[in-house]
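Structure record follows, encoded as structure tokens.
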Amino acid sequence: MSFKSLIQEMRGELGSISRKGFGFGRSRSQRVVQDSCVVPVDAFKQSCWATMPPELLRDVLVRIEASEDTWPSRKNVVACAGVCRNWRALVKEIVKVPQLSSKLTFPISLKQPGPRASSSLLQCYIIRNRTNQTYHLYLALNQESDTGDAGRAWEYFEERIRRVVQDSCVVPVDAFKQSCWATMPPELLRDVLVRIEASEDTWPSRKNVVACAGVCRNWRALVKEIVKVPQLSSKLTFPISLKQPGPRASSSLLQCYIIRNRTNQTYHLYLALNQASASNDDGKFLLAAKRFRRPTCTDYIISLSSDDVSRGSSSYIGKLRSNFLGTKFTVYDAQPTNPGAQVTRTRSTRLLSLKQVSPRVPSGNYPVSHISYELNVLGSRGPRRMQCVMDAIPASAVEPAGTAPTQTELVHTNLDMFPSFSFFRSKSVRSESLPQPAQNDGLLVLKNKAPRWHEQLQCWCLNFNGRVTVASVKNFQLVAAPENGPAGPEHENVILQFGKVGKDVFTMDFQYPISAFQAFTICLSSFDTKIACE
Amino acid sequence: MTKEMFTLKSSDGFLFVVDEAVVHQSVTLSPMVQDCAGREYPINNVTGKILNLVVEYCKNHVVVDGGDSSSSSSSGDALKKWDDEFITQMDLSTVYDLIMAANYLIIKGLFDLACQRVADEIAACKDHEEIRATLGIVSDYTAEEEAEVLKENEWAFD
């Protein structure tokens, strides 16, 4: 029996030991299952090849390495290295690096220095394909290899070159000079990116700004410097913009709208692009929420993805949880609000967060606000009373010199990691009472503006400035409640207003110091609460 | 009145003879008007190919800038049309060199024109992958970061 066929048989018998090389969890019984084309052998004797004493196995493998010394048969050496760990270790010992052997065996050989002896250049050849702009590198097996194209193709080269090769619709350009765009002096690249940021200032073309931030690290850092936070620009650009406070100028509420879908219990939030956006539904998608009823509470899961709205999704942003009665709600953020990350002008604080695309932080649920609904003093004959305690925003934020915390990057939510500290961890709640801060000391509290009773119309009225057109108990306007002492002018500003304009269409307008995410969750609570009024 | 002529020498030895009005368009070169008439002025980081384009731009802009104000709106349109054609027929690596040259020589109009060409090119790309392919930029993100970028872009394109 030739050596080759003996090896074939051994390989065939051991074929099932690890098809993937080093897969976990394969049961031992599975390991001795036969290939259909191999003569069945005694199962006990089979496993001995896997546990053969190394010095003896080495003798076998050395013969293979020596006999299969040129391609295509050199693939047998590679095959032996793939059988199991013992075999791999031995083959890797036996096979010498190209520098010493003048042979290419494994893919890693392509990353190792070539033959060192003075007259032995390793001969290869390249075939260019102009139609699809690819280049293939081959090892020459003999003198006529390049004309006969009988060499060994290495797929890896093709992959790397493809990355810098043009789309078929773009005129091919000098590859070296092209990469100059990646290393362009930042002050000049900035000039280019600033123009893009200025011209693509509304959706949908604002996506081009996001695309620029995705090109490479240099570009991302510059784009993030150029794009101002919503508080200053009144624009939403990146997903993180949804977690940052809205516009601060006194008359600039950011106009959005919500579409409710009763069949699948979902709510989609959109940025209005013009006055008629809500009716035409031509806005920019921002967030989606889905309602999950549980025995003792209801959860609204919030996601960046319009169709993947689940707790386990990588687009999960946070959730709203209500108590059983629907009178108290807690908003949870999937990432912590860092009270230290205020919006400042210093370069160092800004650049700190730009080092990575997404810093790793333990995923969890960090309570960021508590919402409660109560009956009016007039009982159900008056509008209900709403109160939102914003755990993450100080009451001073609404004062002229105040600031609100601003998240700067969306974290990569790794659901395998558990928070190592329990400071912000919320317990899985099975009872009605949700964790609440003992006092609202220093925290911003939003209360709903009291409607006026209109004697002639015989109804409660709030001035929504035309943004709400259908009377509904869900409609509300929230203002900042004074911490203590008299109300100042800053407590007159409507920070969030929400109201019905159609059967399943609602407008949501908000501004600093709350973010789009917080505004959305507060509005969702209005859908759910059971406190009604006549 | 005879015009003063100046000789500009590119980094690879090409000579361009231009008049004062052309030189004045470059903030960097303007001061040399006093010193260098008749002598070659070397421009060490601009090649002949690019300097040729710079000079062409400046020559064209002299004609209109010094022109009669009553015809300025139509000549303004004609100039804009010329600018558009001028910059659009260039390939991107030439545009890059032109940005560098216009930056060094401080020729604002040319700098703006070239930057805008690139900005337009980028804005026309459908996503960040296409921007990379067009400009030949290789991503330096880790696989994880790339996934985050993809997610961010999915949201933007939703």
Side-chain angles (χ1 to χ4, degrees), chain A residues 160 163-167 170-171 173-182 184-185 187-189 191-196 198-200 203-220 237-240 242 284-286 304-307 314-315 356-358 360 410 412, chain B residues 45 47 49-50 89-104 106 108 111-158:
Chain A
R160 251 200 111 69
R163 283 213 234 153
V164 294
V165 154
Q166 304 304 311
D167 262 8
V170 173
V171 178
V173 189
D174 184 321
F176 173 73
K177 269 209 156 155
Q178 277 297 30
S179 62
C180 60
W181 294 107
M184 192 174 190
E187 58 278 11
L188 300 181
L189 179 55
D191 258 285
V192 174
L193 295 175
V194 157
R195 283 156 207 275
I196 297 176
S199 68
E200 322 293 301
W203 292 94
S205 59
R206 199 142 182 81
K207 66 183 192 269
N208 292 330
V209 176
V210 179
C212 288
V215 169
C216 66
R217 287 177 173 191
N218 288 352
W219 283 50
R220 190 178 191 82
T237 310
F238 296 103
I240 191 62
L242 302 174
K284 158 78 188 104
F285 168 76
L286 298 177
L304 272 181
S305 160
S306 59
D307 39 28
S314 59
S315 303
Q356 292 169 284
V357 173
S358 49
R360 269 185 175 267
L410 277 183
H412 177 74
Chain B
N45 37 12
T47 61
K49 171 185 172 200
I50 302 299
Q89 37 100 342
M90 279 182 221
D91 66 63
L92 284 181
S93 64
T94 308
V95 175
Y96 180 88
D97 291 334
L98 214 54
I99 291 178
M100 293 297 150
N103 178 53
Y104 171 69
I106 313 183
K108 183 168 185 338
F111 183 77
D112 286 344
L113 191 64
C115 283
Q116 193 57 49
R117 165 77 203 280
V118 178
D120 291 342
E121 197 75 40
I122 293 171
C125 287
K126 70 176 200 298
D127 57 18
H128 61 290
E129 299 266 14
E130 196 173 322
I131 298 178
R132 284 178 189 156
T134 306
L135 300 184
I137 298 177
V138 177
S139 164
D140 55 352
Y141 289 126
T142 62
E144 193 183 273
E145 290 170 339
E146 190 72 43
E148 280 296 311
V149 164
L150 196 59
K151 207 172 69 176
E152 189 176 76
N153 275 272
E154 273 170 10
W155 172 84
F157 285 67
D158 201 327

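Note that the coordinates shown come from a computational prediction; the quantities given were computed from them, not determined experimentally. Reminder, nothing fancy here: chain letters follow the sequence lines and each chain counts from 1.
B:Ala119 and A:Arg195 get closest at one heavy-atom pair: CB-CB, 4.0 Å. Here the shortest heavy-atom pairing between A:Cys212 and B:Ile131 reads N-CD1, 3.9 Å. A:Trp203 and B:Ala156 make their closest contact through CZ3-O, 3.4 Å (heavy atoms, listed as atom of the first residue, atom of the second, distance). Residue A:Gly214 comes nearest to B:Tyr141 through the heavy atom pair O-CE1, 3.3 Å, listed as atom of the first residue, atom of the second, then distance. Here the closest heavy-atom approach between residue A:Asn208 and residue B:Cys125 is recorded as OD1-O, 3.8 Å.
Heavy-atom distances place the backbone of A:Thr237, and not its side chain, under 4.5 Å from chain B. In this structure, chain B has heavy atoms under 4.5 Å from both the backbone and the side chain of A:Pro239. Both the backbone and the side chain of B:Asp112 come within less than 4.5 Å of a heavy atom in chain A. In this structure, the portions of B:Glu152 lying under 4.5 Å from any heavy atom of chain A include both its backbone and its side chain. The parts of A:Leu286 that come within reach of chain B are both its backbone and its side chain, each placing non-hydrogen atoms under 4.5 angstrom from that chain.
Considering only heavy atoms from C-beta on, B:Met100 comes within 4.5 Å of A:Pro185 through its side chain. With contacts defined as side-chain heavy-atom distances shorter than 4.5 Å, the pair B:Ile99/A:Met184 qualifies.
With sequence neighbours excluded, the residues forming a side chain to side chain donor-acceptor pair (under 3.5 Å) with B:Glu121 are B:Arg117, listed by chain and number. In this structure B:Asp140 satisfies the salt bridge (charged side-chain N to carboxylate O under 4.0 Å, His left out) test with no other residue, sequence neighbours excluded.
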- Query: Should A:Arg220 and B:Val149 be marked as a side-chain contact (heavy atoms from CB on, under 4.5 Å) after you check the CA-CA gap, both sets of side-chain angles, and the distance that decides it?
  - Reply: CA-CA 10 Å; A:Arg220 190 178 191 82; B:Val149 164; 4.0 Å; yes
- CA sep, side-chain torsions, deciding dist, call: A:Trp219, B:Leu135, side-chain contact (heavy atoms from CB on, under 4.5 Å): CA-CA 12 Å; A:Trp219 283 50; B:Leu135 300 184; 3.4 Å; yes
- Item | Verdict with supporting geometry, B:Lys151 and A:Ser315, side-chain contact (heavy atoms from CB on, under 4.5 Å) | CA-CA 8 Å; B:Lys151 207 172 69 176; A:Ser315 303; 4.1 Å; yes
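In terms of heavy-atom pairs under 4.5 angstrom with chain A, the leader among B:Leu150, B:Thr142, B:Ile122 is B:Ile122. Between chain B and the residues A:Val192, A:Val215, A:Ile196, the most heavy-atom pairs under 4.5 angstrom are made by A:Val215. Of all the listed residues (A:Leu193, A:Leu304, A:Val194), the one sharing the greatest number of non-hydrogen pairs under 4.5 Å with chain B is A:Leu304.
Separating the CD atom in B:Glu145 from the SG atom in A:Cys216 is a distance of 11.5 Å, to the nearest 0.5 Å.
Geometrically, A:Lys207 does not engage B:Trp155 in a cation-pi contact defined by less than 6.0 Å to the ring centre and at most 45° from the axis.
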